[in-house]
Trainee: 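First the structure, then my questions, so here it is.
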Amino acid sequence: MAFVRRQLSLRASLLLDKFSTSGVQKGFGGGGYSQKASLSSEQSVGKLIEEENVGCLGSNEVAKIREKFDLAKKRFLEIPVALDRMPKMNPKGIYVNKNLRLDSIQVYGFDYDYTLAHYSPSLQNLIYDQAKQHLVNELKYPDGCLETKYDPSFPIRGLYYDKLKGCLLKLDFFGSIEPDGCYFGRRKLSRKEIEELYGTRHIGRDQARELVGLMDFFCFSEVCLIADIVQYFVDAKLEFDASYIYQDVRRAIQHCHRSGLVHRGILSDPDKYLVKNGQFLSFLKMLRENGKKLFLMTNSPYYFVDGGMRYMLEDSLGGDSWRELFEVVIAKANKPDFYTSEHPFRCYDIEKDNLAFYKVDKFLPNKVYYHGCLKSFLQITKWNGPEVIYFGDHLFSDLRGPSKAGWRTAAIIHELEHEIKIQNEDSYRFAQAKFHIIQELLGKLHSTVSSKHACDSYKSLLSELNDERQNARRTMRNMFNESFGATFLTDTGQESAFAYHIHQYADVYTSKPENFMFYQPEAWLHVPYDVKIMPHHLKVSSSLFET
């Protein structure tokens with residue numbers, strides 16, 4: 001899927017025949033590494049773009065590239081035939097950033113929301129509407145803000161909000177702004193406007209301090225509400241401070257969660273918001289049958305978790321309690337502070353709905369615990385870091401702390417399954433193949449003809465190539481999200497900043513925990529030998545197109 005990582009060839013006459021690594025660059029945030037790919041000196045675009053020693057800068061070279069472009073457009077018809085032999089990635093696969101031996105994992109820990117619990121798209125509407133009403137009713141925002149509606153086609157996960165300038169940004173792996181991924185309100189900014197605002201597309205250290213990441217699955221409603229409120233103030237010609245918009249929207253959404261509005265809304269109509277899933281029960285039982293220990297640790301209150309688990313598993317559990325599946329159940333854990341604080345555990349009395357006063361120095365079966373911290377957790381359980389794997393959807397709250405504490409980590413990214421299915425579609429791979437060809441022709445044109453000596457034929461060809469490339473990029477982008485494109489990629493083929501954080505904090509990632517059922521409990525999960533950044537991005541061998 002990542003353009004810098006792919007080896008695609010159409011019988012050595014259409015696509016790049018061979019890649020070779022050419023160095024290492026630091027990723028967004030200063031950590032992590034990405035191997036960039038470069039064309040070998042022997043084969044650039046196979047027989048379509050042959051190696052030439054071009055000494056002059058003039059119309060002759062332009063004419064040769066024009067001829068190759070015309071030939072490429074005819075050869076585009078051959079691409080669908082070659083696509084039949086291209087492998088496809090598994091939408092339910094486990095993708096590996098760091099080698100992981102499952103036979104060494106003895107303890108499996110799980111977050112609840114968007115990890116064990118699957119929600120319908122209706123939940124984002126609920127959060128959006130509740131937060132919007134809080135802004136108007138409690139924070140005295142204009143009544144006109146109530147007219148806005150949640151737009152599921154607008155947001156993606158992994159965006160950044162600039163509290164100083166009020167822009168929503170999609171960044172690439174190296175911290176540069178995606179040219180078509182910068183919005184002020186609901187209006188996309190042009191490249192010229194981005195340069196006027198930021199001076200450059202690259203986000204520097206000082207500018208990064210003003211950015212806040214929107215990384216979890218609840219952020220969809222937050223992204224949309226921020227953009228809609230900014231747009232309302234712009235349209236109404238009202239003065240506002242961009243940081244206040246963020247703070248107020250964030251406060252409103254947190255209020256909906258902490259006050260129980262969201263929880264009560266979900267439990268009042270579970271058929272609308274929760275997705276029943278007996279498969280994850282089979283996964284948990286399989287782990288227990290193989291001698292693994294399980295624990296649940298969530299920031300949600302117990303009554304909410306209990307209501308959701310009983311609803312999702314009522315057809316599978318019979319009369320058993322879902323708590324019997326876990327050695328330890330921790331609610332209101334207050335992640336990410338859980339990993340660094342020294343808060344004591346409190347035993348929660350389910351019947352009385354209050355916290356006990358005695359000291360917790362061991363975890364008892366079928367009990368529920370509140371608060372706590374990692375230090376006490378390890379002291380009580382005696383579980384060593386490397387034998388524990390924790391599953392969660394929030395890269396910062398769920399996975400950064402465990403990763404630093406020595407636990408193994410599994411990121412649950414629901415949209416991964418959808419994006420891999422798009423990546424596997426022939427229409428996407430056809431546009432991608434065209435992009436490769438045009439990109440290489442543009443590189444050839446720029447490297448052999450000086451813009452100082454540009455003639456009309458050069459300008460005409462350059463315009464046509466750019467248009468063709470832009471059409472291919474737009475086609476691929478719109479298959480994911482018309483506003484921001486793919487979650488893991490920018491339009492130029494670079495991995496996104498969100499992909500960087502997955503690479504940094506997740507040992508493995510997949511769309512659902514129960515995907516582990518397709519692997520043996522003693523399986524060894526290895527990083528692909530030639531991986532550059534994200535293992536789920538398709539890499540195709542040129543041998544597939546050889547006769």
Trainee: Assign the ring pair H526 / W524 to parallel, tilted or perpendicular, where the plane angle (0 to 90°) is split at 30° and 60°.
Mentor: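 Aromatic pair H526/W524 classed tilted.
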
Trainee: Report yes or no: does N384 contribute a side-chain atom to a donor-acceptor pair with the main-chain N or O of P386 at less than 3.5 Å?
Mentor: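 No; zero donor-acceptor contacts below 3.5 Å.
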
Trainee: Compare all side-chain heavy atoms of K382 with those of L378 and state whether any distance is below 4.5 angstrom.
Mentor: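 No, their side chains stay 4.5 Å or more apart.
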
Trainee: Check the orientation of F154 and F484. Use parallel for under 30°, tilted for 30 to 60°, and perpendicular for over 60°.
Mentor: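 If you compare the ring of F154 with that of F484, the planes turn out perpendicular.
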
Trainee: Do you know the tightest heavy-atom contact between I105 and R408?
Mentor: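 For I105 and R408, the tightest heavy-atom pair comes out as CD1-CG, 3.8 Å.
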
Trainee: Evaluate the side-chain proximity of L399 to H394: yes if any heavy-atom separation is below 4.5 Å, no if none is.
Mentor: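 Result no, sub-4.5 Å side-chain heavy-atom pair not found.
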
Trainee: Using 30° and 60° as the class boundaries, would you call the ring planes of Y303 and H263 parallel, tilted or perpendicular?
Mentor: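 Rings of Y303 and H263: perpendicular, over 60°.
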
Trainee: Rounded to the nearest 0.5 Å, what separates atom NE2 in H118 from atom CD in Q279?
Mentor: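 Separation between the atoms: 8.0 Å.
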
Trainee: Is the NZ or CZ atom of R250 both under 6.0 Å from the centre of the six-membered ring of Y246 and within 45° of that ring's axis?
Mentor: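 Not satisfied by the 6.0 Å and 45° rule.
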
Trainee: Can you tell me if Y348 and N354 form a side-chain donor-acceptor pair at under 3.5 Å?
Mentor: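 No pair is found: no donor N or O on one side chain lies under 3.5 Å from an acceptor on the other.
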
Trainee: Ignoring hydrogens and geometry, is there a side-chain-to-backbone donor-acceptor pair from N481 to S153 under 3.5 Å?
Mentor: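 It does hold such a pair.
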
Trainee: Do NZ/NE/NH1/NH2 and the carboxylate oxygens of K170 and D180 come within less than 4.0 Å?
Mentor: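 Salt bridge: no.
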
Trainee: Show me the donor-acceptor pairs within less than 3.5 Å that the side chains of residues 356-368 make with the rest of the protein, sequence neighbours left out.
Mentor:
from : atom 1 : to   : atom 2 : distance (Å)
N366 : OD1    : R323 : NE     : 3.2

Trainee: For atom NZ of K163, is the number of surrounding heavy atoms from other residues, nucleotides or ligands below 6.0 Å larger than 12?
Mentor: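 Above 12, so yes.
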
Trainee: Could you tell me if N277 and E514 have a donor-acceptor pair between their side chains, going purely by distance under 3.5 Å?
Mentor: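 Yes, N277 and E514 have a side-chain donor paired with an acceptor closer than 3.5 Å.
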
Trainee: Using a strict threshold of under 4.0 Å (side-chain N to carboxylate O), is an ion pair present between K335 and D398?
Mentor: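 Here D398 pairs with K335 in a salt bridge, since their nearest N and O are under 4.0 Å apart.
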
Trainee: I'd like to know whether the aromatic ring centres of Y150 and F220 sit less than 6.0 Å apart in this structure.
Mentor: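 No: the rings miss the under 6.0 Å criterion.
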
Trainee: Between I229 and C145, is any pair of side-chain heavy atoms under 4.5 Å apart?
Mentor: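 When only atoms from C-beta onward are counted, C145 and I229 do touch, with a gap below 4.5 Å.
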
Trainee: Would you say N290's side chain and K292's backbone share a donor-acceptor pair under 3.5 angstrom?
Mentor: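 No.
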
Trainee: For M89, is there any backbone N or O sitting under 3.5 Å from a side-chain donor or acceptor partner on Q423?
Mentor: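 Looks like no, no N/O pair under 3.5 Å.
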
Trainee: Will you find, in the side chains of E419 and T487, an N or O donor that is under 3.5 Å from an N or O acceptor?
Mentor: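 A pair is found: one side chain offers a donor N or O, the other an acceptor, under 3.5 Å apart.
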
Trainee: Under the side-chain contact (heavy atoms from CB on, under 4.5 Å) rule, what do I245 and Y141 come out as? Steps first, then yes or no, please.
Mentor: CA-CA 10 Å; I245 298 293; Y141 271 59; 3.9 Å; yes

Trainee: Are the side chain of S511 and the backbone N or O of I413 linked by a donor-acceptor pair below 3.5 Å?
Mentor: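 Pair absent, no side-chain N/O of S511 close to backbone of I413.
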
Trainee: Does Y114 use its side chain to pair, donor to acceptor, with the backbone of F218 at less than 3.5 Å?
Mentor: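 It does not hold such a pair.
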
Trainee: Would R157 and C219 count as a side-chain contact (heavy atoms from CB on, under 4.5 Å) here? Give the steps.
Mentor: CA-CA 7 Å; R157 183 154 47 152; C219 77; 4.1 Å; yes

Trainee: List the atom pairs, with distances to 0.1 Å, where a side-chain N or O of residues 266-275 and a protein N or O form a donor-acceptor pair under 3.5 Å, not counting sequence neighbours.
Mentor:
from : atom 1 : to   : atom 2 : distance (Å)
S268 : OG     : R264 : O      : 3.3
S268 : OG     : G265 : O      : 2.7
D271 : OD1    : Y311 : OH     : 2.4

Trainee: I'd like to know whether V262 forms a side-chain contact (heavy atoms from CB on, under 4.5 Å) with F304, so could you lay out the CA-CA distance, the side-chain angles of the two residues, the decisive distance to 0.1 Å, and finally the verdict.
Mentor: CA-CA 10 Å; V262 173; F304 175 64; 5.8 Å; no

Trainee: Between R477 and E482, is the closest basic N to carboxylate O distance under 4.0 Å?
Mentor: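 Salt bridge flag = no for R477 with E482.
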
Trainee: In this structure, which one of Y369, W407, Y112 forms a ring-ring contact (aromatic ring centres under 6.0 Å, His included) with F295?
Mentor: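 Only match with F295 under ring-ring contact (aromatic ring centres under 6.0 Å, His included): W407.
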
Trainee: Is it true that a side-chain atom of N334 and a backbone atom of D337 form a donor plus acceptor pair closer than 3.5 Å?
Mentor: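 No, the answer is negative, given that no donor and acceptor are paired below the 3.5 Å cut-off.
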
Trainee: Does a side-chain heavy-atom distance below 4.5 Å link V223 with L168?
Mentor: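 With C-beta onward as the side chain, the pair touches.
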
Trainee: Using a 3.5 Å distance criterion without hydrogens, assess whether the side chain of T510 forms a donor-acceptor pair with backbone atoms of G93.
Mentor: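 Such a contact is found between T510 side chain and G93 backbone.
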
Trainee: If you count every heavy atom of other residues, nucleotides or ligands that lies below 6.0 Å from H343 atom NE2, does the total exceed 12?
Mentor: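 Count not over threshold, so no.
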
Trainee: Check whether the side chains of Y509 and N97 place a donor and an acceptor atom closer than 3.5 Å, and report yes or no.
Mentor: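 Not at all, the side chains of Y509 and N97 share no donor-acceptor pair under 3.5 Å.
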
Trainee: Apply the test side-chain contact (heavy atoms from CB on, under 4.5 Å) to residues R400 and L395: give CA-CA distance (whole Å), side-chain angles for both, the deciding distance (0.1 Å), then the verdict.
Mentor: CA-CA 6 Å; R400 180 164 55 184; L395 298 178; over 6 Å; no

Trainee: Is the shortest side-chain heavy-atom distance between R186 and D151 below 4.5 Å?
Mentor: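 Contact flag for R186/D151 side chains = yes.
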
Trainee: Can you confirm whether more than 12 heavy atoms, excluding those of Y244, are under 6.0 Å from its OH atom?
Mentor: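 Result for OH/Y244: open.
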
Trainee: Assert yes or no for the condition that the ring centre distance of H371 to F338 is strictly below 6.0 Å.
Mentor: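 No, the ring centres sit 6.0 Å or more apart.
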
Trainee: Determine the interplanar angle of the F110 and Y108 rings, folded into 0 to 90°, and report it as parallel if under 30°, tilted if 30 to 60°, perpendicular if over 60°.
Mentor: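 Rings of F110 and Y108: parallel, as their planes differ by under 30°.
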
Trainee: Just say parallel, tilted or perpendicular for the rings of F498 and F488, cut-offs at 30° and 60°.
Mentor: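 If you compare the ring of F498 with that of F488, the planes turn out tilted.
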
Trainee: For side chain to side chain donor-acceptor pair (under 3.5 Å), just list the numbers for D113 and Y119, CA-CA rounded to whole Å, side-chain angles, deciding distance to a tenth of an Å, and then say yes or no.
Mentor: CA-CA 8 Å; D113 293 301; Y119 295 103; 2.5 Å; yes

Trainee: Compare all side-chain heavy atoms of K92 with those of F518 and state whether any distance is below 4.5 angstrom.
Mentor: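 Result yes, sub-4.5 Å side-chain heavy-atom pair found.
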
Trainee: Counting N and O atoms only, with roles assigned by atom type, does the side chain of S376 sit under 3.5 Å from a partner on the main chain of G372, one being a donor and the other an acceptor?
Mentor: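 Answer holds: no.
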
Trainee: Heavy-atom count around Q379 CD within 6.0 Å, excluding the residue itself: above 12?
Mentor: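 Result for CD/Q379: enclosed.
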
Trainee: Is the closest side-chain donor-acceptor distance between S397 and D216 under 3.5 Å?
Mentor: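 The answer is no; no qualifying pair exists.
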
Trainee: Measuring from E425:CD to I422:CD1, what's the distance to the nearest 0.5 Å?
Mentor: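 That separation rounds to 6.0 Å.
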
Trainee: So do the side chains of F345 and Y370 get within less than 4.5 Å of each other, counting heavy atoms only?
Mentor: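 The answer is no, as the side chains (C-beta and beyond) never meet within the 4.5 Å cut-off.
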
Trainee: Side chains of Q106 and K293: closer than 4.5 Å at any heavy-atom pair?
Mentor: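 They are not in side-chain contact.
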
Trainee: Among side-chain atoms of Y128 and T148, is any donor-acceptor pair under 3.5 angstrom?
Mentor: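 Yes, a side-chain donor-acceptor pair sits under 3.5 Å.
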
Trainee: Could you tell me whether E417 and K421 make a salt bridge, using a distance below 4.0 angstrom between a side-chain N and a carboxylate O?
Mentor: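 K421 and E417: salt-bridged.
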
Trainee: Can you see whether D172 engages T490 through a side-chain donor-acceptor pair at a distance of less than 3.5 angstrom?
Mentor: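 On atom types as modelled, these side chains do not qualify, holding no pair under 3.5 Å.
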
Trainee: Quick one: does any side-chain atom of S221 pair with a main-chain N or O of I127 as donor and acceptor, under 3.5 Å?
Mentor: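 Here the side-chain-to-backbone pair does not exist.
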
Trainee: Taking atom NZ of K149 as the centre, report whether more than 12 heavy atoms of other residues, nucleotides or ligands fall under 6.0 Å from it.
Mentor: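 Not buried by this count: 12 neighbours or fewer within 6.0 Å.
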
